[in-house]
Structure formats: C-alpha cells, structure tokens
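Below: one structure, written as structure tokens.
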Protein chains: 2
Amino acid sequence: MSYTRGMSSRFVLGLDFGTDSVRALLVDCDNGEEVASAVSAYRRWAQGAYCDAAAQRFRQHPQDHLDSMTAAVRACLKQAGKQAAAQVVGIGVDTTGSSPLPLAADGTALAFHPEFSEDPDALCVLWKDHTAADEAEEINALAHGGEFPDYTQWSGGIYSSEWFWAKILHVLRANKRVARAAHTWIEHCDWVPAVLAGIGDPAQIKRSRCAAGHKAMWHPSWGGLPSSEFLARLDPRLAELRARLYTDTATADQCAGQLCEAWAKRLGLPAGIAIAVGAFDAHLGAVGAGAKPFELAKVMGTSTCDMLMAPAAAVGDKAVPGICGQVDGSIMPGLIGLEAGQSAFGDVYAWWKRVLAAGAALSGAKGGDPERILPALSEQAAKLEPGAGGLVAVDWFNGRRTPDASARARGAIAGLHLGHEPAHVFRALVEATAFGARAIVERFTEHGIAIKRIVALGGIARKNPFVMQVCADVLQRPIAIVASDQCCALGAAIAAASAAGVYKTMAAAQKALASRCERTVQPTRKLATAYDALYQRYRALGQQVS
Amino acid sequence: MSYTRGMSSRFVLGLDFGTDSVRALLVDCDNGEEVASAVSAYRRWAQGAYCDAAAQRFRQHPQDHLDSMTAAVRACLKQAGKQAAAQVVGIGVDTTGSSPLPLAADGTALAFHPEFSEDPDALCVLWKDHTAADEAEEINALAHGGEFPDYTQWSGGIYSSEWFWAKILHVLRANKRVARAAHTWIEHCDWVPAVLAGIGDPAQIKRSRCAAGHKAMWHPSWGGLPSSEFLARLDPRLAELRARLYTDTATADQCAGQLCEAWAKRLGLPAGIAIAVGAFDAHLGAVGAGAKPFELAKVMGTSTCDMLMAPAAAVGDKAVPGICGQVDGSIMPGLIGLEAGQSAFGDVYAWWKRVLAAGAALSGAKGGDPERILPALSEQAAKLEPGAGGLVAVDWFNGRRTPDASARARGAIAGLHLGHEPAHVFRALVEATAFGARAIVERFTEHGIAIKRIVALGGIARKNPFVMQVCADVLQRPIAIVASDQCCALGAAIAAASAAGVYKTMAAAQKALASRCERTVQPTRKLATAYDALYQRYRALGQQVS
C-alpha cells in the first residue's frame with residue numbers, strides 16, 4: 001500500500017534502535033502523521049550470542065544494527081511507496097545508551113575486522129551490561145575524593161556501571177587485544193549517523209550532547225570531558241583515549257551530515273538528505289510525546305525513564321542529587337534536560353508472572369498460557385483496597401536508578417500472612433512501582449524543579465489501565481496517556497525535520513509533529529490519605545532493606 | 001488381626017485429641033510397642049460447622065469429640081483383639097489447648113443441652129480461635145499496670161488471645177444467653193477424663209497443671225488462679241467463675257478417676273481402670289519422644305511447639321520472658337516444663353505452595369497436583385547456597401509466638417531481584433523458619449536454660465530431610481529425629497501407665513515406653529559462619545518489619 005494523501009508532502013524518517021530491534025517510522029512533515037512503520041529484530045541478539053545473563057554481560061554486534069536498520073527502512077519505505085521514499089528529507093536516530101563500541105584506527109567498528117568479529121569485548125556494550133561494577137566504584141571513589149572536581153556532579157552524583165567510562169575501563173582491563181586495537185570509542189547514537197553519512201574520521205563525527213552529558217561526564221564548566229589527569233589516575237589509556245574523543249557536542253536538532261551515496265542506495269532513499277545528531281531513545285521519546293518544559297514524560301515499559309525539561313533559569317546552577325543527570329540540550333536545545341528513572345517497572349510484574357507460571361511446571365500442570373496471568377491478576381487486584389491486606393513492597397528488583405542510584409538495592413515484600421494470594425502480592429508490587437514513581441517526582445520537586453503535568457508513554461501506559469490508575473492515585477496527579485505507540489521514533493523524526501530545516505526550531509517541529517494524548521487518568525482523591533501512609537511505609541521499608 | 005505376642009502383657013491406651021481428629025493408640029506396657037492405632041476425624045468440624053475463618057472463629061462441638069473418641073477406640077481395640085482389650089489397665093488423654101468449653105450447672109457440656117447445641121459460643125473454643133484479641137489486650141494492660149502482681153509473669157509476660165481467660169471473657173461479653181447458662185468452664189483436656197470417669201460435679205474434677213499453669217495464669221506463688229479482685233476488674237462474672245473453678249491442680253502421672261461403667265461398655269474396655277489427668281498434646285508429645293531434662297523437644301508441623309524440661313534448681317525463680325510459660329510439672333512431675341513455639345512453620349511452606357498452585361490456575365494450566373510442588377522445590381532449593389542468592393525472609397506469617405508473642409507480627413521477604421525463582425524464595429522461607437527455631441533456642445540459653453540436645457518429632461521432622469538439614473545447619477546442632485509418628489498419643493499412654501501404677505514414676509514409664517530416635521541430622525560445620533551472618537540479617541529485618 002502506498003501513501004496517497006498529501007503527495008506534495010515531505011517526509012522524515014525516525015530510526016529507533018531499541019534493545020531488541022530497530023523501528024523505522026516515516027512521518028509526514030506537514031502534520032506528524034505516522035505514514036509507515038516497520039520493525040526488524042536483531043538476529044544475533046535474538047539467539048543470545050555474545051551475552052551471559054548470569055554475568056550480566058550484554059553485548060550487541062554492530063552488524064545486527066546495520067542489518068536490521070536496512071531491513072526496517074526498506075520495509076517501511078515499501079509500505080509508503082516509491083514516491084514517498086523520494087520525498088524523504090531527513091533521518092533522525094535514537095538508540096539505547098550508554099552503549100559504547102570500539103572503533104579501529106580506520107574509523108570502522110572494530111567488530112567489522114575479522115579478527116575481532118566474534119570477540120564480545122569488541123562489540124557494542126549494551127546499556128544494561130553490568131560487568132563494570134568495580135570500575136564504576138573506582139570512578140566514584142576518585143571523583144568524590146576531593147582531589148578533582150566532582151565530575152559526577154551533573155550526573156546525579158553517582159557514576160553508574162552502565163555508563164561510558166566504566167564500560168571502556170572494564171574492557172581495556174579485561175581484554176588486552178581489544179585494548180590495543182581500539183583506536184577510539186563511540187556511543188551507538190553517534191555511530192549510526194556517522195555510518196549513514198559515511199564519515200570515516202572519528203574526529204569529524206559530531207557527538208551527541210545527550211550521550212556526552214549524561215553518560216561521559218561532559219560539561220562545559222570543566223571544559224568538556226573530565227581532565228586527562230583524572231582519567232590517567234584511573235588508567236593511562238583513558239587519558240590517551242580522551243585525546244581521540246571530542247571537546248564539542250551537538251544537540252539533536254543539528255545536522256550530523258548528509259546521507260552518503262552507498263547508504264542511500266542500500267536503503268532506497270535520496271542521497272544527501274540531512275541526518276540529525278543522534279540522542280538516546282527516552283530523550284527523543286519525550287520529544288515525540290510532546291512534552292513541554294516542566295512536564296514529566298514517563299517512558300513506561302520494563303523499566304521507566306522519566307524525562308523533564310526546564311529552562312536554565314529555573315534550574316539555576318543547582319545539581320539535583322541522585323538523578324541520572326541534567327544536561328543543557330540533552331532533550332531539546334535551549335532547555336536543561338533532566339533524566340531519572342526506575343530500573344525495573346514492568347519487569348517487576350514480569351518477575352511475579354514468571355514465578356507464578358513456574359508453579360504450573362512444578363505442579364505438573366499443562367497447557368497454561370503465562371500471558372493470561374497478569375491480566376487476571378490485574379482484574380483481581382483492582383478489587384482490593386490500597387495496601388493489599390497489609391502488604392508493602394519495595395520495587396528495586398533490578399537495583400535502584402532514581403533516587404540515588406544503587407546497583408545493590410533489592411526488592412522486598414513485607415506484611416505477609418497466610419491469607420495472602422497472588423493478587424495481593426501483585427497489587428503490592430504495582431503499588432511499589434507507583435511509590436517509586438512518586439519518589440522521583442518528589443526528588444525533583446524537593447529540589448525546586450516544578451512538575452506541572454505528567455504524560456506517560458510506552459507499553460504499560462497504553463495497555464495497563466489498572467497500573468496507570470494506581471500510579472495516578474499514588475501520585476495524586478492526573479496522568480495524560482500519549483496516543484502514539486512509537487514516540488521514540490517519532491521524536492527522532494522530529495529531530496530530522498529540524499536538522500533538515502523543515503522547521504526552524506526543534507520546538508516548532510515538536511509542536512507540529514508530536515503525538516497527542518488519547519486520554520487522561522484522573523486520581524481518586526479519597527485515596528490520598530491511605531496512599532500517603534503507605535508511601536511512608538514504603539520509604540521506611542526501603543531504608544531498612546537497602 | 002489380634003495382638004498375639006506377650007499375652008500376659010498389660011496395655012495402656014493413649015487418646016490424642018488433635019485439631020482434626022482423635023487418635024487412639026494401644027501400647028504394650030512392657031516395652032512401649034505400639035500395638036494398634038486408629039484415627040477418627042471430627043464429622044461436624046470437617047464440614048466447617050460453627051467456624052468462620054475470616055473472623056478467625058474456630059469452635060468444635062464436644063459431640064464431635066465423643067463420637068470420634070468412641071470410633072477411634074473401638075477401631076483400635078478391634079485391631080488388637082478382645083483379649084488385649086481386656087488387658088488394658090489405663091487411659092491417658094491429651095488435647096489441644098487452650099480449648100475451653102462451658103459446662104451447665106449439672107456438670108454436662110452446655111452444648112449437650114438442646115437449646116445450646118447449635119450455638120458456637122456454647123462449644124469448645126479451639127486453641128486457634130482468635131476472636132478474643134481485644135480481651136487479651138485488656139488482660140495484659142491490667143496485669144502490667146502495677147496494681148496487681150504481674151499474673152502473666154510465668155506465661156512469658158504476654159497473655160494471648162488464644163488462652164483461657166481471654167476466650168471466656170470474650171464469650172461472656174458476646175453472648176448473654178451463654179453467659180447466663182454457663183455454670184463453669186473447663187479445658188478440653190480436663191473434660192475428657194471427667195466424662196470417662198463419670199464425674200458429674202465440676203468441683204470434683206481434677207484439673208491439669210499443664211493447662212492451668214500455661215493458659216490460666218495459675219501459680220502457687222499467688223495461691224493458684226489470679227485473685228478475685230483482678231478478675232472482677234476485668235468482669236465481675238470472671239470473679240464469680242473463679243469461685244467455681246479450682247485451687248489445686250494435678251500432674252499427668254496422677255489418676256483423674258476410674259473408667260465408669262457406661263463408657264467402659266461403650267468403648268469395649270474394662271470398667272474401673274485408671275484414667276490419667278489430662279495434658280496438652282505437645283507436652284505429652286515431649287514425653288512420648290523420650291525428652292529428658294535440658295533436651296528441647298520440637299513438635300514440628302504446620303506450627304511448632306518447643307518443649308523443654310529443667311529441674312527447678314536450674315531455672316530458679318527467674319521467668320524466661322517471651323515464651324509461652326514455665327510451669328512446675330506441666331510436662332513431667334518434679335520438673336519445670338517450659339513451652340515455646342513458632343505460630344507458623346510448615347504453614348509458611350504451604351502458603352508458598354498455594355501461591356504457586358494458584359499461579360498454575362491463573363495461567364489456565366490444568367491437571368497439576370499441588371502436592372508435587374514442595375517436593376520439587378525441596379530438591380531444587382537443596383542445591384542452592386545458604387541465603388538463596390541474597391534473600392532473607394521472616395517467618396511470622398501467622399504472627400509470632402516465641403520469642404515475644406505478637407499477633408500483629410507479619411512475614412517478609414527481602415533481597416529480591418529479577419533472577420529469583422520459586423526455589424530461591426522457598427529456600428529463604430525454610431531458612432526463615434530455621435532462624436525462628438534458633439531465636440527460640442537463644443531465648444532459652446540467654447536466660448541460663450541450657451539445651452543439651454534437640455529431638456524433633458511431628459510430620460515435618462520425619463518427612464522433610466531438606467528442612468531438617470537446614471534447621472541443623474542454622475542451629476549448628478545435631479537434631480535427633482524421633483521414630484514414632486504418634487508421640488502425643490504415646491505420651492498419653494505413658495501417663496496412663498504411670499497413673500495406673502504400672503510404673504512407680506512417670507520418668508520410669510517414659511524410660512520404658514517412649515519412642516527411640518531413628519536417626520540424627522548432623523550440622524554442616526562449614527556453613528556456621530554463613531548462617532550466623534544470615535541470622536543477623538533475619539533479626540534485623542524482623543526488627544524492622546515488626
């Protein structure tokens with residue numbers, strides 16, 4: 001089927017590199033209509049290649065990224081038709097992050113060199129890889145030691161094992177061969193635009209403000225990346241690497257380059273069209289969701305990313321402690337982008353589902369469908385009172401991201417008695433994730449960052465009314481549900497429209513193209529007191545078990 | 001089949017009135033051989049009559065007790081044969097407790113009067129009935145107020161809603177008709193011997209030291225039951241009742257009376273044989289298990305009762321706080337009997353089993369057998385390390401009995417992460433129950449009561465080697481497993497042999513007749529350090545969530 005309306009339109013393409021697949025979304029530059037969309041899953045990743053879940057090692061082959069991007073774009077354009085493909089004027093890219101990969105001296109991914117193509121350490125170190133826990137602790141100790149500026153200051157005060165420097169330091173130490181061959185390292189969101197633009201020299205690649213500021217401790221106040229002296233104290237090779245990295249960064253409305261002939265042909269797109277500077281998925285998701293300053297955009301899925309924009313004047317020079325960073329322009333140019341999140345949200349419910357589904361196998365029962373469990377529990381749990389018969393839970397089943405990141409934090413369930421059933425525990429877990437959301441809101445507001453509105457996007461926002469109602473009740477705020485299922489790719493398309501000059505500013509592009517909200521979940525006012533009390537129990541239990 | 005060996009033997013009959021049924025056990029007085037045994041379930045109870053689980057109201061009709069006793073005894077004697085039946089020289093009785101029932105002015109159970117036969121308040125208020133929570137708090141407040149002696153002193157310092165005075169006070173207030181008609185009240189373990197002996201006048205009924213001392217605050221230091229003044233302050237009717245109760249009590253080696261003609265005929269036994277004074281099941285269970293002074297006898301089932309005997313000289317006049325009482329002669333004459341326990345033990349595992357079985361149902365799986373779940377989990381959990389991957393749990397899923405009774409205490413599971421499976425949680429729950437056992441042992445030893453040996457009896461002791469190994473490892477003590485499956489009835493038979501004069505003392509009867517141990521579970525020494533650390537986490541979590 002071809003796109004026949006608005007034949008005179010121009011289109012932009014948003015590429016959303018998620019954890020499991022790439023989504024390509026073709027958007028009409030006039031009105032934001034989502035014209036065509038296709039998804040392609042990573043083949044090697046789906047087979048579990050290069051990963052070791054027990055060791056929390058998660059690596060992705062960049063060939064997966066290119067193969068799936070090609071497949072998704074071609075499928076998307078096939079839906080839209082040849083004429084629409086010819087009218088594409090820009091490409092925007094978002095990826096997970098921090099997900100760095102090493103480049104060889106010739107500027108290509110080290111993994112594309114045959115001697116490294118099967119070495120996990122030469123691949124993209126995915127955001128959720130936790131192999132660098134020791135290195136993160138070392139970075140924190142040095143940054144907090146007083147000898148250097150606290151380089152973690154704008155990253156919430158705690159450097160994470162999921163981030164750029166920790167991961168590189170870990171690979172440098174763990175794999176001498178890769179350490180020697182890696183000329184430089186690059187974030188996934190910077191690498192894709194560079195590949196599409198055919199930029200061979202790493203020094204010429206524009207680097208994402210978003211990735212640099214949130215994950216690499218880049219900040220103008222200390223002249224960009226942390227000092228050579230600081231990095232050398234961690235490892236002399238990091239100081240050498242710094243010289244081959246970058247000083248300047250760019251926001252996602254800027255042009256990273258033009259689509260090169262080779263990739264234009266491969267994808268079926270016009271050569272020379274604009275490629276926007278990349279950014280992380282949740283950041284562009286907030287853009288696609290239409291979030292404005294002081295609106296908290298909650299990307300709610302297995303985990304959450306909670307994105308907030310505020311003018312520099314409102315944030316001042318105060319660092320909000322215990323969030324995942326605040327970076328000028330990391331979401332939209334001219335605004336401070338503040339990032340927070342919960343490291344497990346839907347994953348907490350999925351855990352309970354897996355545990356209960358295992359009951360079937362243990363009892364020898366057959367023929368069940370685990371996907372029936374959470375809908376059934378949601379129905380039962382919705383009938384229970386807040387507190388689920390005396391229960392209170394803590395949601396840190398995958399550590400805690402915000403407030404105050406801790407990889408060691410764990411979940412808990414208290415108040416259990418012999419009469420509790422699966423739905424009681426489920427309700428307590430849902431309430432716990434909502435309390436986690438409230439803790440994030442309070443962290444912002446307690447530090448003077450007002451939150452005027454909450455918008456929710458992602459799988460859970462649209463698909464689980466029970467969870468969203470509990471969130472609204474616990475937060476005692478309305479939550480607007482974003483209509484688009486693909487806000488991240490839409491945000492990337494908005495960046496493309498801006499980089500291509502279709503709109504003068506990213507704000508204008510967002511205003512024209514971002515998703516509307518489809519409904520608003522209203523808080524139940526009479527539950528405020530009960531949830532206030534339960535929230536205090538949540539906080540107390542959290543303090544006690546962390 | 002008739003009993004043909006030892007035709008010249010004498011036999012004793014132990015009657016064990018459990019929660020669900022009566023067991024009759026015929027024992028050879030020469031060697032303790034368990035000659036014949038039969039069980040009869042309570043018919044009305046099995047139908048849920050007179051009970052309301054949601055309100056924690058559990059009542060039993062005394063007609064159930066008599067019907068099932070008759071059936072069990074006749075079935076047992078039928079197995080043994082007529083000649084053996086003719087050679088029975090005594091009957092011993094144990095029951096649950098505190099399980100009081102009201103008697104009419106004529107000395108019969110009020111429930112046997114037609115106008116009260118269907119009134120739950122006229123029935124036996126079973127041990128696990130928790131309707132008297134408010135009344136227990138009132139008794140504690142008065143006892144601890146300073147105006148009276150602390151009558152709870154020898155009951156662990158906290159009067160329970162499961163006990164004699166609280167239950168009677170609750171019924172007196174809740175049911176005026178019963179309050180007016182109840183001439184007096186009697187513990188189940190005192191009522192059965194009186195019925196068998198045909199004693200009509202309540203004033204003539206010998207009262208169990210065990211029931212009186214542990215549940216009715218009877219103590220020689222204040223002249224028996226609490227003073228009239230104390231009881232009158234709670235309710236004038238309690239003070240009136242006191243005058244119709246008792247001053248003296250008797251140990252289980254003494255004779256409560258002789259089997260009357262009517263019951264001899266009904267049961268198929270010789271009239272005039274000795275009937276021992278009754279006692280509670282766990283107390284006589286410790287006797288049947290062969291427990292000696294300073295040996296902790298753990299009766300392990302859905303809950304545990306932990307029984308310990310010590311010479312008065314060793315206990316001195318110190319009250320061990322937070323246990324379920326210490327009473328001279330409550331287990332064996334001449335020794336202080338100390339009682340403790342966990343209000344949920346196997347019930348905690350059963351909760352997890354029910355949750356997992358419900359999970360199977362939620363997924364739509366069919367054909368499973370929930371009884372396969374715990375064996376499968378035991379096998380998996382046995383392969384895990386102590387701590388089950390970072391978990392720690394608290395076992396108070398049914399409140400806490402010892403140390404420091406609290407009906408409000410609840411269970412908890414902490415340290416949860418997304419990788420935990422049902423077996424991890426199960427192991428944590430098993431460890432939690434073992435930590436609860438350790439807390440009891442420490443409460444005794446910290447107050448100068450040495451524990452020289454641990455013997456375990458009951459369903460879990462013999463049937464779950466994994467649980468018993470964890471208990472031995474956590475306690476870092478060997479645990480001897482008692483061979484008999486019916487130690488309570490065996491203990492009642494030992495009391496009968498003593499009351500009948502077959503043996504001069506109960507100690508001699510126990511030595512001749514008690515069960516042997518079939519094996520000893522040895523602690524794994526190398527796990528001591530790990531479990532010490534986990535036990536501290538258990539205590540800390542318990543403090544935090546209670």
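Below, chains carry the letters A, B, ... as their sequence lines are ordered, and counting in each starts from 1.
B:Arg372 and B:Glu379 are not joined by a salt bridge, as no carboxylate oxygen comes within less than 4.0 angstrom of a charged side-chain nitrogen. Salt-bridge formation is detected for the pair A:Lys298/A:Asp306: a Lys NZ or Arg NE/NH1/NH2 atom is positioned less than 4.0 Å from an Asp or Glu carboxylate oxygen.
Between chain A and the options B:Asp369, B:Leu377, B:Leu374, B:Asp347, heavy-atom pairs under 4.5 Å are most frequent for B:Asp369. No other option in B:Arg537, B:Glu421, B:Arg410 has as many heavy-atom pairs under 4.5 Å with chain A as B:Arg410. Contact tally against chain B (heavy-atom pairs below 4.5 Å) for A:Ala423, A:Gly359, A:Ala393: the top residue is A:Gly359. Ranking B:Val392, B:Asn398, B:Leu418 against chain A, the residue ahead of the rest is B:Leu418, based on heavy-atom pairs under 4.5 Å. Listed options A:Ala344, A:Gly419, A:Pro370, A:Ser363 were ranked by heavy-atom pairs under 4.5 angstrom with chain B; first place goes to A:Ser363. For the set A:Gln543, A:Arg408, A:His420, the count of heavy-atom pairs under 4.5 angstrom toward chain B peaks at A:His420. The candidate from A:His417, A:Lys353, A:Arg354 with the greatest count of non-hydrogen atom pairs under 4.5 Å with chain B is A:His417. Ranked by heavy-atom pairs shorter than 4.5 Å toward chain A, the options B:Ala540, B:Gly411, B:Gly367 are led by B:Gly411.
Heavy-atom distances place the backbone of A:Trp396, and not its side chain, under 4.5 Å from chain B. Of the two parts of A:Ile373, the backbone and the side chain both hold a non-hydrogen atom closer than 4.5 Å to a non-hydrogen atom of chain B. Residue A:Glu371: no heavy atom, backbone or side chain, is found under 4.5 Å from chain B. Interface remark: B:Ile413 contributes backbone and side-chain atoms alike to the contact with chain A (heavy atom separation under 4.5 Å).
A side-chain N or O of A:Asp395 and one of A:Gln342 form a donor-acceptor pair less than 3.5 Å apart. For the residue pair A:Thr433 and A:Tyr349, a side-chain donor N or O sits within less than 3.5 Å of a side-chain acceptor on the partner. Defined by atom type and a distance below 3.5 Å, a donor-acceptor pair is present between the side-chain atoms of A:Thr19 and A:Trp127.
Aromatic ring centroids of B:Phe426 and B:Trp352 lie 6.0 Å or more apart.
Residues B:Leu126 and B:Arg59 form no side-chain contact, since every pair of their non-hydrogen atoms from C-beta on lies 4.5 Å or further apart.
Just one residue in the list A:Glu442, A:Arg438, A:Glu431 forms a side chain to side chain donor-acceptor pair (under 3.5 Å) with A:Tyr535, and that residue is A:Glu442.
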